[in-house]
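Shown next, in structure tokens, is the structure this report addresses.
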Amino acid sequence: MTGLGWRGCWRIARRDLHRGLRGLRLLFICLFLGVATLATIGNLTTAITGEIAGKGRILLGGDVEIAMAQREASELEKAAFRRTGQLSETIRLRAMAQHPRGRDGANGGASAVLTELKGVDGAYPLYGTLLLNGGPAGAMTADEVVVGQALADRLDLRPGQHLRYGEADFRIRDIIADEPDRVGEGFTLGPVAITSLEGVRRTGLIQPGSLYESKYRIRIAPGADARAAGDALKRAFPAAGFEVKDRDRAAPGTSRFFERMGQFLTLIGLAALAIAGIGVGNGVTSYLAIKRNGIATLKILGASAGDISRIYLMQIGAVAVLATACGLAVGVLLPMALVAGARDILPVQPTFALTPGPLLISAAYGLLIAFIFIMPPLAHARVLPAAALFRETVDRQPGIDRTSLIAVGLASLAAIALALGTAREPLFAASVLGGVGAVLAILFGIGLLVRRLARRMPSPRAPLARLAIANLHRPGAQTSALVVALGLGLTLFVTLAAIQSSLSAEIRNTVPQTAPDQFVLDIPIAQQRQFQQIVAREAPGASLNIVPTLRGTIIAYGGTRVADLAELPRDAWFLRGERGVTYSDTLPEGSDLVEGAWWPKDYAGPPLISLDRDAAKTMRVGIGDTLVVSVLGREIEARIASLRQVKWETMGFNYIMVFSPNSLRDAPHSLAATVTLASRGSEGQLSRALLAAFPPISIIATSEVVGQVTVLLGQMATAIVLAGSVAILAGIAVLIGAIAASRQARAYDSVVLKMLGASRWQILGSQAIEYALLAAVLALVALALGSAAAWFVIVQIFEFHWSPDWLLVLMTLGAGAVLTLGIGLLGSIPLLSVRPARALRAL
């Protein structure tokens, strides 16, 4: 038989495939899992970020948005806005919604809920429609308000009832069904209510120094460049300190979050696919072991090495293409189900279309990984002579040609280039892939070391232990593959347990011990003493921390204006828009002075500033350098006098920038306070007393903030665990593949032992000891590798505190060890029923 050609090879391959996928199921499962994970994550992330980008002008409320805190735009600024396009103005602030006492059947007590109150003009919204349950909202009068469903549920409100904000009563017109610019508004601490601009002003909540935000949305001419229009406004008012966004950056925080989570989950999926690739290699090795006699027979009949390659490459390739196609189909359908199930969690409801990008990338990953791990065992079977193939069960020979090695190397480089080329942060992607490669290399090296040590150590007296150790180094032993499989499984168990417990501890262990019970905003500065008296009377023993509060924007540092930067430095989140600023005679609570000196209490010189140490490091500034900060439209140039380490975990008033008092004392502002109660249960009584005395204030319960953060962290943990579970499944598939790859050799050993008088339980016991020895060796390794991986995710990616529950981690490691050992033994049970005569005839 010579020169079969592609057609002849395909006939043989097709006839063999007609007998079913026996031996190739593991290949199918591993590729299916990896490709489906990548395609699902890619499609879901693309759909969400694409929806945000595609509906940017609706989510933003205009083509360009100008936002400023604690002030409204001047007439000169508004005139410039109107020259740019059609203008719409909104004012947004946090305010307490209250039932008017004794009205609408209220039970005499004034229930109060913190809300986001938004005042809109007649042009709102420039894009989209504010929908109510009864239809489009249209114009609103100064005594009308529409409320979100969450607020209606909290206060049991219905249309026609009344609601009080500050000094004004409002009639509830209807319930909001859809607020078009909800995502563009960003993070909120309460449900929304919308009234007219005149309605907001009649509440009396807008006072000098009040914490409110004015937004001006502009609808520009069709075809005009929104980014250029925004940049022109920033250049026209360089000292205004307002934040400008355009329709292409409608929700940058949301987009960044989903892009970063999508990238992280994609890399988890890629790691799962790489792990699954080892299972692919084991599955192909097992399949070719089954076909070994047939391959040898074909060679004896004259088939060339090229013919063997073509026959089995087409067979295995057909299954790989089928697995990839099924994975892509799941990657298209599963995101639709996830969106339907998470409708209340996602910020937007994406409309799914067939996006070829994520599908092509996932398919390329799958086929490349398949090729990388298929070629070595296929090349091994191709280059060995027929006689060597017949002896493979008891005398495994190394064998892979240079051409195959080069092909595998090129495919590996292509997979790495694809990963780095499609990553939003190539350096981050490279570090993750490098970490996965390092883990695999370490485990493979441990496998070689275990095999060498088992060969050299003295034989135990106990027969089962002696047999178990011999199994680790005998000819054909799959020790390295088993070590990689068991090590990956245990490492992944540790990683997920440490990540999940650290995310849970981020809130559970830190916040209850250090956080105040309430935040109170917009306290009139002239009534500070009255505020302190009410707190002392209603909540004896309560601890107060009262600070001045303003908003400011860093517009220049180290002699460079932020607007002139081509790109913001990494982690320079504080340069994006306005941030809270304060002033103080003394070092604020929650900060440690680490460099420089604090100004004296009677300081009256040029403005000084104390800066967060991490922010200074990001901006590469230090003691003596200058910052230019815009506060209420006024540029303040201040010299850095000290650096502080801010304890953000205290959830108190922690500011990146603290000014010397003479810099800001005369600016219009209000006070904010944290209240730490001496005893639980007095929150409601204190809130009612404060609201009665100070209608403009807002009271934020720490439990509400913690609740929102807990939900977010829980969603992140769920996404990580679900994606990581696929990697665990891939790791289990690797273990099954390693067992399958050694099936024939173990069947031969089992038959020989039976003929020598060994019972099934003795054979199974020796294998249990073998797996237990490997698990014991790998437990510490998996604990170290899994902890390092989890630390990287928690500290370097999400920038949380590293605080895993070690008891939970150890319990998970133990459970994972039992699970993997159980899978290994279950895979060995069918070998015990092999009949000696049949097994010997198959050799």
Residue pair R227, D246: steps toward the salt bridge (Lys or Arg N to Asp or Glu O under 4.0 Å) verdict: CA-CA 6 Å; R227 179 166 295 187; D246 59 67; 3.6 Å; yes
What residues, two or more places apart in sequence or in another chain, satisfy side chain to side chain contact (heavy atoms under 4.5 Å, CB included) together with A123? Q86, S88, D121, L126
Using the rule given for salt bridge (Lys or Arg N to Asp or Glu O under 4.0 Å), can you reason through E167 versus R202, listing the C-alpha separation, both sets of side-chain angles and the distance that settles it, and then say yes or no? CA-CA 7 Å; E167 301 171 355; R202 61 188 284 265; over 6 Å; no
What I want to find out is whether D181 reaches K118 closely enough, with some N-O distance under 4.0 Å, to be called a salt bridge. yes
Whether D169 and R164 form a salt bridge (side-chain N of Lys/Arg under 4.0 Å from carboxylate O of Asp/Glu) is what I want to check. yes
Looking at Y127, is R219 sitting on its ring face, NZ or CZ under 6.0 Å from the six-membered ring centre and within 45 degrees of the normal? yes
Between E77 and R71, is there a side-chain N and carboxylate O pair less than 4.0 Å apart? yes
With no hydrogens and no angle check, is any side-chain donor or acceptor of Y216 less than 3.5 Å from a backbone partner on A73? yes
Working note: I499 + I794, criterion side chain to side chain contact (heavy atoms under 4.5 Å, CB included); need CA distance, chi angles, decisive distance, verdict. CA-CA 7 Å; I499 288 174; I794 292 294; 4.2 Å; yes
Candidate pair K215 and I66, rule side chain to side chain contact (heavy atoms under 4.5 Å, CB included), full reasoning: CA-CA 6 Å; K215 290 187 176 181; I66 301 96; over 6 Å; no
Could you check whether any side-chain heavy atom of I176 comes within less than 4.5 Å of a side-chain heavy atom of L131, counting everything from C-beta outward? no
Report yes if some heavy atom in the side chain of L691 is under 4.5 Å from a heavy atom in the side chain of I699; otherwise report no. yes
Flag the pair V200 / Y165 as yes when at least one side-chain heavy-atom distance between them is below 4.5 Å, and no otherwise. no
Would you say that I554 contacts S630 through its side chain, given a criterion of any heavy-atom pair below 4.5 Å between the two side chains? no
Is E72 salt-bridged to R201, cutoff N-O under 4.0 Å? yes
Find out whether I91 and L117 are in side-chain contact, i.e. whether some heavy atom of one side chain is under 4.5 Å from a heavy atom of the other. no
A side-chain contact here means heavy atoms from C-beta on lying under 4.5 Å apart; do L205 and L93 qualify? yes
Would you check if V120 and M140 make a side-chain contact, meaning some heavy-atom pair closer than 4.5 Å? yes
Give a yes or no on whether the backbone of P524 and the side-chain of Q527 come within a donor-acceptor separation of less than 3.5 Å. no
Residues V520, F531; criterion side chain to side chain contact (heavy atoms under 4.5 Å, CB included); working and verdict: CA-CA 10 Å; V520 185; F531 174 82; 3.9 Å; yes
Main-chain N/O of I523 paired with S670 side-chain donor or acceptor, under 3.5 Å: no
Side-chain touch R92/E116, heavy atoms, less than 4.5 angstrom: yes
With side-chain hydrogen bond (donor to acceptor under 3.5 Å, both in side chains) as the test, would you mind laying out the steps for Q518 and S687 before giving the verdict? CA-CA 9 Å; Q518 292 179 334; S687 297; 3.1 Å; yes
Separation of L151 CG from L163 CG (nearest 0.5 Å): 6.0 Å
What distance do R173 atom CZ and D143 atom CG have between them, rounded to the nearest 0.5 Å? 11.0 Å
Should R217 and E89 count as an ion pair when the cut-off is N to O under 4.0 Å? no
